[in-house]
Structure formats: C-alpha cells, structure tokens
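In each ligand, atom 1 is the first atom listed, and ligand 1 is the first ligand listed.
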Amino acid sequence: MAAAVVRDGREILASVVHGQAEVHEPYGGVVPELASRDHVQNVSGVVAGALSEAGIEAADLDGIAVTVGPGLVGSLLVGLSFGKAMAYRLGIPLVGVHHLVGHLASVELSADSLRPYVGLVISGGHTALYRIDDESPPELLGETRDDAVGEAFDKVAKLLGLPYPGGPSVAKAAESGRADAIDFPRPLAKRGGLDFSFSGLKTAVALEVERRGALSDGDVADIAASFQAAAVDVLVQRARRALRQTGLRRLAVVGGVAANRSLRNALERAGGEDGFEPRLPPLALCTDNAAMIAAAGSVLLGRGERHGLALNAFSRVAIDAAPWAEPAAR
Ligand code: KG4
Ligand code: ZN
C-alpha cells in the first residue's frame, strides 16, 4: 500500500510505501487475501502519513490518481474506493492510472523530455518492451511468453532457500558467487524477435539445484550469480535489439528488477558500447510506489482526463486499452 503527494507532476513532496513483506514472507509469495486485508488496515494511515510528510491538508490537493490495474483486484479496489471517497468529499477530479504507465512515469519524473524512447518494464508481473512516443499510447514491441523476470528471481530464491522477496536476496547471494560457474540458457537469444521467455531458465536452475542435492553457501552463491548473469544478459540483449530495430537512442528501464545492481552496470556498459544512455529511476522509485502513479496521473489530469465514480479495477488490462476511460465505465 502506498500513497504520495506530487507537485506539478515532477516534484515529490511525500512518498510513503507500506511494504507487506512480513505478511507474505511465511508463505514465500503474495497471498491475495492477506494483501487485501493489509490494504484495508493501512490505507487511511498511509494516506494520512503522506499528507503529513508533505506538510499539507487533504483540502490542498488538486486531484487524485489511483491505480486501476493490472494487479490483484482485491487490493486495487481498496485504493480505488478510498481515492473515490476522497475525490468525492473534496470535490476534486479523479483519474485512473495503468500500473505500467506509472512505472514508466517513474523515470520521466527525474528526466527532462525523454520521449521518444524504448521503455523496458521489468517487474514481478511484467517483462515487456514498449515504444513511447509523445502523444500516442505506448506501443508493445515484445513481452514475455511465460514468466516475468521478477517472478523468475522470486522462484529461484525459493529454490535456493533464500528469503522473500526473492530479487534482492538472489542479488545479494550472487555477490559472492561466480557468474560463469554454470552456463544457464539464454532463452530466445538467437531468434530475431523482441519477446522474452524465462520459464526455461527457471527450470534449468531447478534441475541444477536437484543435481547438486544439499547446497553449500558456495553452491547457492554460484547458482544465484549464474542465474542473474543469464537473466541480465537476456534483458540487455533484447533492449539493445529494440533500440536497433526502432532506431531510437534512449532507453528507460523501470520496475522492481531495475533496482538490480548487476543489471544497472551491464546497461551502462552496453550504453557505452552502443552509444545510448540508459535511464533508470532512483532505487526507491523502481519498486512499486505511489509517486509514479501520482506523476502519471498528473499528466492525465493536465490533459483534461477525468474518470467518474464508476471507475473500476482490472486484474489484467493492456497498457493501450483504457476500459475505465470509456463512457460506459462512467
Ligand atoms: O515493480 P515491483 O515492485 O512490483 C510489481 O509490479 O511486480 O517489482 C517487484 C519485483 C519482484 O519480483 C522482486 O523480486 C524484483 O522486482 N526485484 C528485484 C530486485 N529488487 C526487486 N529483482 C532483482 N534484483 C533486485 N535488486
Ligand atoms: Zn510494479
């Protein structure tokens, strides 16, 4: 659950993130029911916290942006209902934001006009490349055919007995491992397209874990490092290919996995070689947060978009589809 106050779509006055790691930790992954309950319990405190951190009253707000999906509907509905109630009480406009449009806005918060650019969204639920132009909605260039890369990190962490959330634990374990210890597969690397696939890589890790039996700390480190190297290779290679194919010169990488240090270094190196400058949000804006939603919402409000109180949430919805913005949804 997160809430933020952003001024003029650029300046973050407050950004509060109430993590749920300890709620889901015992289960090794997100339990939807528990996520919804945690949202209900924390929504008002988190919103009040953001207002007080920003040093403003609710009455000072000009508009409310709220995530409408994709995501766990039970959790989305909590934020959506709370946002609606606030907008109604304050008599200010409400706008729904696509989660991935929010992630993309996280990099635009800190950069001067980046568009047009290739956007690589890498999170626990998504792995996709988009072309982002000035006016038109993001155009999907390629996406994962199975698991998201963050999901692969999380599953590998589980296989290695590392704590949830998996991404940071795998990255930490990898620090003391050898990235060339195991030559894990780089799925779809040789095909020409821009799609991704991570389930084969995950299976290869599972087989390696099985083959080794009881894992020493050194085994865990080597497997983590070799898996991370394969995942990073695939992401960087596909991003480079997207830049070549589109002829664009700017790359933005957003989402939880963009916090990965090894990926950030590999992107810098690739940028140096290919002559592009990778843009990554600061670490705090990589993983889910509300500042990115406020920033994206502020752009929509500026364009005059308004979504009524019939606004709904969606577990799955394409980035260029906006069923919440259609008259029928009002
Ligand atoms: O964007 P995000 O916070 O939530 C989703 O929208 O999914 O991304 C969460 C994902 C998780 O799979 C987590 O394991 C991964 O991002 N992640 C990382 C790192 N930090 C978070 N993966 C690799 N390295 C990291 N340092
Ligand atoms: Zn996310």
Please check this pair: side chain of Asp219 against backbone of Ser216, looking for a donor-acceptor N/O pair closer than 3.5 Å. yes

Between Glu208 and Arg212 (salt bridge meaning N to carboxylate O under 4.0 Å), is one present in this structure? yes

Is there a donor-acceptor pair closer than 3.5 Å between any side-chain N or O of Asn265 and the backbone N or O of Ser262? no

If you measure every N or O of Ala171 against every N or O of ligand 1, does any of those distances drop under 3.5 Å? no

Which of the numbered atoms in ligand 1 are below 4.0 angstrom from a heavy atom of Gly150? 12 (O)

Considering only the protein, which heavy-atom contact is closest to atom 15 (C) of ligand 1, and what is its distance? Val257 CG2, 3.9 Å

Between His103 and ligand 1, find which residue part has any heavy-atom pair under 4.0 Å and reply side chain, backbone, both or neither. side chain

First locate atom CZ of Phe198, then atom CZ of Phe227, and finally report the distance between them rounded to the nearest 0.5 Å. 7.5 Å

Mark up the atoms of ligand 1 that fall under 4.0 Å of a heavy atom belonging to Thr287, in ascending order. 3 (O)

Hey, does Pro165 come in under 3.5 Å of ligand 1, counting only N/O atoms on both sides? no

Could you check atom 12 (O) of ligand 1 against the protein and tell me its nearest heavy-atom contact, residue, atom and distance included? Asp154 OD2, 2.8 Å

Are Arg115 and Glu108 ion-paired here, with the side-chain N under 4.0 Å from a carboxylate O? yes

Report the part of Arg261 (side chain from C-beta onward, or backbone N, CA, C, O) that has a heavy atom under 4.0 Å from ligand 1; answer both or neither where that applies. neither

Closer than 4.0 Å to some heavy atom of Gly124 - which atoms of ligand 1 meet that? 5 (C), 7 (O), 8 (O), 9 (C), 10 (C), 12 (O)

Heavy-atom contact under 4.0 Å between His99 and ligand 1? yes

In the protein, what heavy atom is nearest to atom 24 (N) of ligand 1, and what distance, to one decimal place, separates them? Asn260 ND2, 3.0 Å

Sequence-distant partners of Asp38, salt bridge (charged side-chain N to carboxylate O under 4.0 Å, His left out), two or more places apart: none

Any atoms of ligand 1 less than 4.0 Å from a non-hydrogen atom of Pro168? List them with their elements. 19 (C), 20 (N), 21 (C), 25 (C)

From Asp146 CG over to Lys202 NZ, what is the distance, rounded to the nearest 0.5 angstrom? 7.0 Å

Measure the acute angle between the ring planes of Trp324 and His98, then classify it against the limits of 30° and 60° as parallel, tilted or perpendicular. tilted

Is there a donor-acceptor pair closer than 3.5 Å between any side-chain N or O of Asp133 and the backbone N or O of Ser136? no

Checking the N or O distance criterion of under 3.5 Å, is ligand 1 in contact with Gly167? yes

Check whether Arg178 reaches the backbone of Ala225 with its side chain - one donor and one acceptor, N or O, closer than 3.5 Å. no

Just go through Ala174, Gly256, Pro70 and tell me whose heavy atom is the nearest to atom 19 (C) of ligand 1. Gly256

Please identify which atoms of ligand 1 are closer than 4.0 Å to at least one heavy atom of Gly125. 7 (O)

Listed as residue and atom, the protein N/O/S atoms under 2.8 Å from the Zn ion (ligand 2) are His99 NE2, His103 NE2, Asp288 OD1

Contacts of Arg240 that satisfy salt bridge (charged side-chain N to carboxylate O under 4.0 Å, His left out) - sequence neighbours left out: Glu273, Asp274

Under 4.0 Å between heavy atoms, the region of Asp288 that gets near ligand 1 turns out to be both

Tell me whether Arg250 contacts the main-chain N or O of Leu114 through its side chain, where contact means a donor paired with an acceptor under 3.5 Å. yes

Mutual orientation of the aromatic rings belonging to Tyr164 and His24 [parallel < 30°, tilted 30-60°, perpendicular > 60°]: perpendicular

By salt bridge (charged side-chain N to carboxylate O under 4.0 Å, His left out) - contacts of Glu22 (at least two apart): none

